[in-house]
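Here is the structure we will look at.
Remember, predicted model here, so these are calculated numbers, not experimental data.
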Amino acid sequence: MAVYSSLEIANKDDSCEEDDGRPTRTGNIWTCNAHIITGVIGSGVLSLAWSTAQLGWIAGPISMVSFAIVTYVSASLLSDCYRSPDPVTGKRNYTYVDAVNVILGEKRSWLCGYLQYLSMYGGCIAYVITASISMGYLS
């Protein structure tokens, strides 16, 4: 049985919550990389060989690098919106819609949210079509 001093107990209780009352996040650089790799490999590896074959050895790698740059810039912009207006003391935005509300206002966030969901539905339809075509080649 461990014995804690009152100072250790106070520090332990304080470390369970962030400055906004939510539980402390326990992620680190390794879990961040694991989530990024899982998200990218799931869709990217399946289409990499086919898209390079269709575009050729010059346009294929150029398009892949271009998409990687666009993804990096988008992720950087979104991570800059996590706390606003100040990156250190600003209010945390836990969702994409929260960040859009703070930056663009509520009226424009409806349009942005609509376009985001439309893009998501389009991507889901593309995945279903691609999966069904791929399954057709198996039989």
Give every donor-acceptor pair under 3.5 Å between a side-chain atom in residues 59-67 and any protein atom, sequence neighbours left out.
from, atom 1, to, atom 2, distance (Å)
S63, OG, A59, O, 3.2
S63, OG, G60, O, 2.7
S66, OG, I62, O, 2.8

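Contact annotation: the side chain of L77 never approaches that of C81 to less than 4.5 Å [non-hydrogen atoms, C-beta and beyond].
Rounding to the nearest 0.5 angstrom, the gap separating the CG atom in N28 from the CG atom in N33 is 9.0 Å. The CD1 atom of I103 lies 9.5 Å from the SG atom of C112; values are rounded to the nearest 0.5 Å. To the nearest 0.5 Å, atoms SG (C124) and CD1 (I129) are separated by 11.5 Å.
The backbone N or O of Y72 lies less than 3.5 Å from a partner atom in the side chain of S76, making a donor-acceptor pair.
Taking S132 as the reference, nothing meets the side-chain hydrogen bond (donor to acceptor under 3.5 Å, both in side chains) condition, with sequence neighbours excluded. N93 is linked by a side-chain contact (heavy atoms from CB on, under 4.5 Å) to S84, K91, D98, A99, V102, counting only residues two or more places apart in sequence or in another chain. For R83, the side-chain hydrogen bond (donor to acceptor under 3.5 Å, both in side chains) criterion is met by D19, not counting sequence neighbours.
Each salt bridge (charged side-chain N to carboxylate O under 4.0 Å, His left out) pair with one or both residues in residues 100-109, not counting sequence neighbours, would appear here, but there are none.
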Next item on the list: Take Y114 and W110, measure what side-chain contact (heavy atoms from CB on, under 4.5 Å) needs, and give me the verdict at the end.
Entry: CA-CA 6 Å; Y114 173 75; W110 282 98; over 6 Å; no

Next item on the list: Might you work through the side-chain contact (heavy atoms from CB on, under 4.5 Å) test for N101 and S109, ending with a clear yes or no?
Entry: CA-CA 6 Å; N101 272 335; S109 73; 2.6 Å; yes

Notebook entry, point to check: Step by step, would you call L115 with S119 a side-chain contact (heavy atoms from CB on, under 4.5 Å)?
Noted result: CA-CA 6 Å; L115 293 175; S119 173; over 6 Å; no

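V100 is not connected to M120 by any chain of hydrophobic side-chain contacts under 4.5 Å among Ile, Leu, Val, Met, Phe, Trp and Tyr, and they are in different clusters.
Taking a 4.5 Å side-chain heavy-atom cut-off between Ile, Leu, Val, Met, Phe, Trp and Tyr, the cluster of W30 extends to I29.
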